[in-house]
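Read the structure below first, then the notes.
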Amino acid sequence: MIRRYGKPAESHRRYRLRRGAYGVLWRGGQVLLTHQGAPRSEFQLPGGGIDPGESPLQALHREVREETGWCIGTPRRLGAFRRFTYMPEYDIWAEKLCTIYLARAVRQKSAPLEQGHTATLVDPERAVDLLANSGDAAFLQGVLRWLR
């Protein structure tokens with residue numbers, strides 16, 4: 001069973017399954033986050049939806065590049081979680097199935113390609129508090145426990 005974070009599904013809503021790949025990305029003792037300015041201002045693990053015909057790893061590399069401008073290396077799957085949320089940018093209620101990877105942030109090749117995103121390196125303990133969703137924060141906390 002895949003653990004749920006956040007609010008449970010509302011029985012009167014129809015949810016669309018949205019699979020995604022996200023990364024806990026390390027660089028010099030810090031974590032690379034993306035700040036998304038709209039539709040809500042929030043810090044997130046870089047990543048996003050898996051397009052048709054795309055593998056989770058292909059999606060991870062593409063999404064990290066789009067949201068941060070960085071290239072990543074040595075991704076390793078940590079696990080997955082799900083959450084139920086409204087996605088205003090798509091006007092859908094979604095059951096997000098989030099696969100999380102641990103990877104190195106290798107180098108920044110460009111500014112973020114996706115409008116409204118900013119890449120930032122953050123102290124990992126502070127990053128846990130900044131992350132907008134509890135699933136992202138839980139996986140980052142798990143990595144911190146493993147590193148100790």
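All values derive from a computational prediction rather than experimental measurement. Worth knowing before you read on, the calculation uses all heavy atoms, side chains too, and leaves out hydrogens, waters and symmetry mates.
- Screening residues 85-114 for salt bridge (charged side-chain N to carboxylate O under 4.0 Å, His left out) gives Arg82-Glu95 as the qualifying pairs, with residues at least two apart or on separate chains.
- You'll find the side chain of Tyr101 stays beyond 4.5 Å of the side chain of Val24, heavy atoms only.
- Looking only at distances, no side-chain donor or acceptor of Arg16 sits under 3.5 Å from a matching main-chain atom of Arg18.
- The distance between the ring centers of Phe84 and Tyr15 falls below 6.0 angstrom.
- Leu25 places none of its side-chain heavy atoms less than 4.5 Å from the side chain of Val31.
- Residues Leu147 and Trp26 form a side-chain contact, since some pair of their non-hydrogen atoms from C-beta on lies under 4.5 Å apart.
- Nearest approach of Pro39 to Pro88, heavy atoms of both residues: CG-CG, 3.3 Å.
- You'll find the side chain of Leu57 reaches within 4.5 Å of the side chain of Pro75, heavy atoms only.
- With contacts defined as side-chain heavy-atom distances shorter than 4.5 Å, the pair Leu32/Thr120 does not qualify.
- With hydrophobic clusters built from ILVMFWY side chains whose heavy atoms lie under 4.5 angstrom apart, Trp70 does not share a cluster with Val143.
- Side-chain contact, Thr118 with His35: no donor N or O sits under 3.5 Å from an acceptor N or O.
- Asn133 has its side chain out of reach of Leu131: every pair of non-hydrogen atoms, C-beta onward, lies at least 4.5 Å apart.
- In this structure, Glu10 places its CD atom where more than 12 heavy-atom neighbours from other residues, nucleotides or ligands lie under 6.0 Å away.
- Taking CZ of Arg126 as the start and CG of Leu33 as the end, the distance is 9.0 Å to the nearest 0.5 Å.
- Linking Ile, Leu, Val, Met, Phe, Trp and Tyr whenever their side-chain heavy atoms come within less than 4.5 Å puts Leu121 and Val64 in one cluster.
- Leu45 and Ile72 are not part of a single hydrophobic cluster, where members link through side-chain heavy atoms under 4.5 Å apart.
- Counting only residues at least two apart or in different chains, salt bridge (charged side-chain N to carboxylate O under 4.0 Å, His left out) contacts with residues 29-48 comprise Arg40-Glu42.
- Between the Arg13 side chain and the Trp93 main chain, no donor and acceptor come within less than 3.5 Å of each other.
- Put simply, Tyr90 and Leu17 are part of two different groups of oily side chains (I, L, V, M, F, W, Y) that touch within less than 4.5 Å, one to the next.
- Under the 4.5 Å side-chain criterion, counting only non-hydrogen atoms from C-beta, Tyr5 is not in contact with Asp136.
- In terms of heavy atoms, Ala127 sits closest to Leu140 at CB-CD2, 3.6 Å.
- Taking every heavy atom of both residues into account, Ala119 and Pro112 meet most closely at N-CG, 4.0 Å.
- The shortest side-chain heavy-atom distance between Phe139 and Cys98 does not fall under the 4.5 Å cut-off.
- The side-chain contact (heavy atoms from CB on, under 4.5 Å) test with Phe81 is passed by exactly one of Leu97, Thr99, Ile100: Ile100.
- For residues 61-76, the set of pairs meeting the salt bridge (charged side-chain N to carboxylate O under 4.0 Å, His left out) definition, not counting sequence neighbours, comprises Asp51-Arg62, Glu54-Arg62, Arg62-Glu66.
- At least one donor-acceptor pair closer than 3.5 Å links the side chain of Gln36 to the backbone N or O of Ala38.
- Put simply, OG1 on Thr68 and CD on Gln108 are 7.0 Å apart, with the number rounded to the nearest 0.5 Å.
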Is there a side-chain contact (heavy atoms from CB on, under 4.5 Å) between Gln44 and Thr34 once you walk through the steps? CA-CA 5 Å; Gln44 307 165 346; Thr34 185; 4.0 Å; yes
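- Ile50 and Tyr22 fall into different hydrophobic clusters, where Ile, Leu, Val, Met, Phe, Trp and Tyr are joined by side-chain heavy atoms under 4.5 Å apart, directly or via other members.
- Residue Arg14 qualifies as open at atom CZ: its count of foreign heavy atoms under 6.0 Å is 12 or below.
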